[in-house]
2 protein chains.
Amino acid sequence: MTKNDAFDLQNFLPYLLNQAAEQSSLEFQRIYKDRYGLLRTEWRVLFHLGMYGDMTAKEIGARALTHKTKISRAVSRLAQRRYITRTRSENDRRAELLALTPAGQGVYQELRGIAEDYDARLERRFSRGEGALLRMMLRRLAGLDD
Amino acid sequence: MTKNDAFDLQNFLPYLLNQAAEQSSLEFQRIYKDRYGLLRTEWRVLFHLGMYGDMTAKEIGARALTHKTKISRAVSRLAQRRYITRTRSENDRRAELLALTPAGQGVYQELRGIAEDYDARLERRFSRGEGALLRMMLRRLAGLDD
DNA sequence: GAATATTAGTTGTTTTTGTAACTAACAAGG
DNA sequence: CCTTGTTAGTTACAAAAACAACTAATATTC
């Protein structure tokens, strides 16, 4: 009658994922937050532009699986800080093309270095091969491979 | 000069962890949210009590790595719905011992079943052994093993 | 054993998020 | 064209989270 299988909260995947994500995000944020006061979505927008080149808010939202209002607000704040510019698109005047300013480029470069270091530090917690497998599984769970 | 190593946002662990966590949490919430209208922290408090027995808000916070104000508010709402009772502790009258009511037990049992099913469904996305490894790595990242 | 510091939990205020409704531009069908 | 529908992005309002300040009880220390 009573379930005696090994289900445990500490092994429940959504719970574990949340804990791990929160933990590493907090730890990572402690490194860069004070530096530039960027919110997570702002950080993401910055990285998308820095890493993949100019694009519209919509494209960022699609890639990052993030709702457009979140993107919109992040873009506003980044523009206010003069990290990005917004240029209305020629062919579709609803959309605007986002691009990093030199200042934004600088911030991106520095944050990217920090991210690489932090990532490498996390990687060191796993044996060779484990890290790659972990990333693959997470990508699958995140639906990034679809 | 230019970094040409393989760093990619789509492989950055904190980013991936967040995406995966958000994705699975949202999906899982869609299953139980409408059912009982529980918020995530409320769900967690309920599960801690159901799974590990009566304890104080503080203990739950420590186990779940959750801030006390979040726990406090979750406890209030659970008590309002008569899912838990709060009894002032004998030896320390600041603390109160939390316990599930029969109604709370019932909800917990049902939600636990749902959780087990969902977890099993996620597990099926991975080959034998991968799932266990994933959980282990996540526990390590979450700092649950310390 | 009074003064001080700590701890369990709550409450109030500010940020951030989620959701819906909105504007302006485009697309398609008649 | 001109009505109807869709899309990019914003804004307004409600829900939730973060953070700080608070109360009341307990520990500590001199």
Side-chain angles (χ1 to χ4, degrees), chain A residues 18-19 21-23 25-30 33-34 36-46 48-49 54-81 84-99, chain B residues 18-19 21-23 25-30 32-34 36-45 48-49 54-81 84-99:
Chain A
N18 264 299
Q19 297 287 24
E22 219 170 297
Q23 204 59 20
S25 281
L26 284 179
E27 195 179 327
F28 179 55
Q29 272 209 340
R30 270 200 297 280
K33 177 88 175 237
D34 301 327
Y36 293 107
L38 291 183
L39 242 32
R40 197 138 70 211
T41 310
E42 296 165 32
W43 188 95
R44 284 189 187 178
V45 169
L46 193 82
H48 275 270
L49 293 175
D54 305 354
M55 61 179 92
T56 68
K58 189 200 172 177
E59 287 176 283
I60 298 178
R63 276 183 187 259
L65 304 176
T66 303
H67 195 269
K68 58 183 180 174
T69 60
K70 250 169 131 178
I71 303 283
S72 174
R73 295 196 248 248
V75 164
S76 291
R77 295 175 59 164
L78 287 172
Q80 255 183 324
R81 292 174 198 210
I84 66 177
T85 59
R86 351 167 74 175
T87 332
R88 205 145 280 286
S89 164
E90 295 272 323
N91 22 338
D92 184 345
R93 288 202 310 276
R94 287 170 302 182
E96 41 189 21
L97 203 61
L98 308 170
Chain B
N18 265 298
Q19 296 286 24
E22 220 169 295
Q23 204 61 21
S25 281
L26 283 178
E27 195 179 327
F28 180 55
Q29 270 209 343
R30 270 201 297 280
Y32 78 81
K33 177 91 176 237
D34 301 325
Y36 292 108
L38 290 183
L39 241 32
R40 195 141 73 212
T41 310
E42 297 165 31
W43 188 95
R44 282 189 188 181
V45 168
H48 275 270
L49 294 176
D54 306 354
M55 61 179 93
T56 69
K58 191 202 172 176
E59 286 176 283
I60 298 178
R63 277 181 186 259
L65 305 176
T66 303
H67 194 271
K68 58 184 180 173
T69 60
K70 250 168 131 178
I71 302 284
S72 173
R73 282 172 168 133
V75 164
S76 291
R77 294 175 60 166
L78 288 172
Q80 257 183 323
R81 293 175 198 208
I84 67 177
T85 59
R86 350 167 73 175
T87 331
R88 205 145 278 288
S89 162
E90 295 274 321
N91 20 339
D92 184 345
R93 287 203 311 274
R94 286 172 302 184
E96 40 189 21
L97 202 61
L98 307 171

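Chain naming here is simple, since letters A, B, ... match the order of the sequence lines and numbering starts at 1 in each. Heavy atoms only: backbone and side chains are in, while hydrogens, waters and symmetry mates are out.
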Is there a side-chain contact between B:N18 and A:R44, using heavy atoms and a 4.5 Å cut-off?
yes

Do B:L98 and B:D54 touch side chain to side chain, with heavy atoms closer than 4.5 Å?
no

Is the side chain of B:R86 donor-acceptor paired with the backbone N or O of B:L97 at a distance under 3.5 Å, no angle test?
no

Under 3.5 Å, side chain of B:S72 to main-chain N/O of B:K68, donor-acceptor pair present?
no

With the threshold set at under 4.0 Å for non-hydrogen atoms, list the residues of residues 90-98 of chain B touching DNA chain D in residue-number order.
B:N91, B:D92, B:R93, B:R94

Rounded to the nearest angstrom, tell me the gap between atom [atom1] in [X] and atom [atom2] in [N].
| X | N | atom1 | atom2 | value |
| --- | --- | --- | --- | --- |
| B:R30 | C:dG18 | CZ | P | 14 Å |
| B:M55 | C:dG9 | CE | P | 12 Å |
| B:L78 | C:dG9 | CG | P | 15 Å |
| B:I71 | C:dT10 | CD1 | P | 11 Å |
| A:R86 | D:dA8 | CZ | C1' | 12 Å |
| A:R44 | C:dT17 | CZ | C1' | 13 Å |
| A:R63 | D:dA8 | CZ | P | 16 Å |
| A:Q80 | D:dT10 | CD | P | 12 Å |

Spacing of OG1 belonging to A:T66 relative to CD belonging to B:Q19, to within rounding of 0.5 Å:
6.0 Å

If a protein heavy atom is under 4.0 Å from the base, mark B; if only from the sugar-phosphate, S; if neither, -; do that for nucleotides 14-22 of chain D going 5' to 3'.
--S-BBB--

What are the two closest non-hydrogen atoms of A:R93 and A:R88, and how far apart are they?
O-NH1, 2.6 Å

Five-pair end axes of the helix from C:dG1-D:dC30 to C:dG30-D:dC1, angle between them (10°)
20°

Of B:T41, B:V45, B:L39, which meets side chain to side chain contact (heavy atoms under 4.5 Å, CB included) against B:K70?
B:T41

With a 4.0 Å cut-off on heavy atoms, is B:R88 in touch with a base, just the backbone sugar-phosphate, or nothing at all?
nothing

OP1 or OP2 of C:dT10 less than 4.0 angstrom from a side-chain nitrogen or oxygen of B:S72, does that happen here?
yes

